[in-house]
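As the structure is a computational prediction, the values presented were derived from the model and not from experiment. Within every chain, numbering begins at 1; the chains are lettered A, B, ... in the order of the sequence lines, protein sequences first and strands thereafter.
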Number of protein chains: 2
Amino acid sequence: MPKRQARGEQRMAEILDAAGRVFAASGYEKATTNAIAAEAGVSPGSLYQFFANKDAIAAALAGRFVTQMREAHEAALLGADPSTLDWPELIDRTVDPILAFNVANPGFKALFARPDMPAGLAAAAEPIQAALLGRVESVIAAKAPSLPADDRTRTARVAIQIFQAMLPMVLASPPGERPAVMAELKKVLYRYLSAPSP
Amino acid sequence: MPKRQARGEQRMAEILDAAGRVFAASGYEKATTNAIAAEAGVSPGSLYQFFANKDAIAAALAGRFVTQMREAHEAALLGADPSTLDWPELIDRTVDPILAFNVANPGFKALFARPDMPAGLAAAAEPIQAALLGRVESVIAAKAPSLPADDRTRTARVAIQIFQAMLPMVLASPPGERPAVMAELKKVLYRYLSAPSP
DNA sequence: AGAAGATACGAGCTTTTACTCGTGTTTTGC
DNA sequence: GCAAAACACGAGTAAAAGCTCGTATCTTCT
């Protein structure tokens with residue numbers, strides 16, 4: 001790994017932008033590295049000067065997504081104490097930014113919302129999963145402090161799974177119906193999370 | 001398409017069996033037609049005597065799955081009037097056979113439980129989706145006859161989506177923990193479906 | 001029995017795709 | 001100013017995978 005110049009950092013960012021677009025259009029598997037290079041306006045050789053292989057591109061893109069998502073979520077909870085908010089508000093403040101983030105970054109779900117991950121991708125996506133899990137767990141902990149850690153983790157995992165499942169439905173819905181589908185997603189989460197524990 | 005002899009029908013069944021195993025092990029994309037042929041103990045040439053291409057194999061396998069699943073579901077509801085059953089029982093009788101089917105046929109989820117379908121696969125999987133949607137809709141209709149058709153369809157779709165999302169979690173869980181994960185899945189569905197409509 | 005057609009084989013063709021490498025240009029450090 | 005290093009190019013390589021084709025055997029039907 002050579003020392004990067006400003007020009008190089010910029011190229012890397014351009015390549016990741018392009019990768020996001022190509023992943024969004026074709027999915028990870030069908031996205032070709034040459035297509036990403038072309039989309040970035042760069043030769044294949046240059047692409048491989050910055051990224052060792054296709055998985056490395058996915059990993060770098062995932063890393064960037066993690067950062068951006070954390071910032072969005074922190075902004076949404078800014079100045080509010082989770083334990084004083086009720087469930088609908090808490091769900092709004094957690095779901096809305098992630099949803100908005102997905103609408104703004106269509107490439108995200110190609111790395112995130114898939115039950116079966118190829119080996120390379122799984123490693124790249126793991127930080128996203130871990131980051132999200134931590135955030136949801138902290139929200140649940142705020143509302144139900146007495147819940148054992150095991151149950152909390154399981155509940156968070158299930159909630160994330162539900163969210164992942166419905167993401168494609170939300171993104172595939174025509175803009176006019178989107179609010180209704182989003183409401184349905186929140187309804188599922190609310191009914192699952194707000195019900196009394198077993 | 002030539003007229004099949006008994007030998008040919010048997011070979012086709014063997015190839016589909018093999019395809020199920022290979023899809024289960026590698027997923028649809030990474031499964032190679034040569035690997036399927038080898039698993040079936042057949043040459044690549046023979047494979048293409050029965051199936052025009054890889055998508056056709058998936059389509060045939062999907063067709064077989066639809067039939068088997070319908071039979072399993074009908075058996076589970078045998079002699080019971082859905083409208084007289086309560087939600088937990090109804091969920092049990094719908095979810096259990098599909099879950100058992102998935103455990104017995106690991107290749108099924110490679111064709112079914114994926115939010116992003118390649119073009120060819122989407123066509124092959126569509127009958128499965130349609131069949132399942134119809135079954136779930138009829139169950140919902142039995143319990144909530146007054147629900148408008150639109151809402152019923154949307155609710156059924158969401159329920160199926162939830163099920164698909166949690167399927168990998170269930171199948172990935174160690175056999176010891178599987179009952180707990182299954183219970184969690186049913187809990188989500190119960191809370192979603194049994195709550196008063198908006 | 002004999003012809004026609006179905007089944008079977010597997011080497012190899014074609015296309016695709018991740019990735020390389022030789023060469024040339026721009027930037028940096030001294 | 002000059003060498004070293006980073007950046008850039010794009011034709012080319014090697015491997016993988018879907019699929020074909022010539023040939024040979026087995027079944028069926030008359």
How is B:A31 classified with respect to the nucleic acid when contacts are heavy atoms under 4.0 Å: base, sugar-phosphate, or nothing?
-> sugar-phosphate

So, is B:K54 close to the D:dG18 phosphate, meaning a side-chain N or O under 4.0 Å from OP1 or OP2?
-> yes

Within the structure, does a side-chain N or O atom of A:R7 lie under 4.0 Å from either OP1 or OP2 of C:dT26?
-> no

Can you check whether B:R4 has a side-chain N or O nearer than 4.0 Å to OP1 or OP2 of C:dT7?
-> yes

Closest nucleotide of DNA chain C for B:G8 versus for B:P44: which of these residues is on the 5' side?
-> B:G8

Where is the tightest heavy-atom contact between A:F108 and A:M69, given as atom of each residue plus distance?
-> CZ-SD, 3.7 Å

Go through the side-chain N and O atoms of B:Y28 and B:D55 and say whether any donor and acceptor fall under 3.5 Å apart.
-> yes

For B:Y28 and D:dA17, give me the distance from atom OH to atom P, rounded to whole Å.
-> 14 Å

Rounded to whole Å, the CE-P distance (A:M12 to D:dA6) equals 13 Å

B:K3 NZ - C:dG5 P separation (whole Å) = 12 Å

Identify which nucleotide among D:dA8, D:dA6, C:dC19 has an atom closest to any side-chain atom of A:T33, counting heavy atoms from C-beta outward.
-> C:dC19

Euclidean distance, atom CZ of residue B:F51 to atom P of C:dA8 [Å, nearest integer] | 12 Å

Can you tell me if CZ on A:R157 sees more than 12 non-hydrogen neighbours from other groups inside 6.0 Å?
-> no

Closest to the B:S43 side chain, choosing from D:dC9, C:dA8, D:dC7 | C:dA8

In whole angstroms, how far is the C1' atom of D:dG10 from the OH atom of A:Y48?
-> 14 Å

Expressed in angstrom and rounded to an integer, what is the separation of B:I15 atom CD1 from C:dT7 atom C1'?
-> 11 Å

With a 4.0 Å cut-off on heavy atoms, is B:G45 in touch with a base, just the backbone sugar-phosphate, or nothing at all?
-> base

Could you state the atom-to-atom distance from CZ of B:F50 to P of C:dA8 in whole Å?
-> 5 Å

Roughly how many Å is it from CD1 in A:I57 to P in C:dC19, rounded to a whole number?
-> 8 Å

Between C:dC9, D:dC7, C:dA18, which one does the side chain of A:T32 approach most closely?
-> C:dA18

Would you indicate, yes or no, if C:dC9 has its OP1 or OP2 atom less than 4.0 angstrom from a side-chain nitrogen or oxygen of B:S46?
-> yes

Crowding at OH, B:Y190 (>12 non-hydrogen neighbours, <6.0 Å) = no

Answer with base, sugar-phosphate or nothing: what part of the nucleic acid does A:N34 contact at a heavy-atom distance below 4.0 Å?
-> base

Residue pair A:G41/B:A6 against DNA chain D: nearer the 5' end by closest nucleotide is A:G41

Please say which of B:R135, B:R93, B:Q68 ends up in a side chain to side chain donor-acceptor pair (under 3.5 Å) with B:H73.
-> B:R135

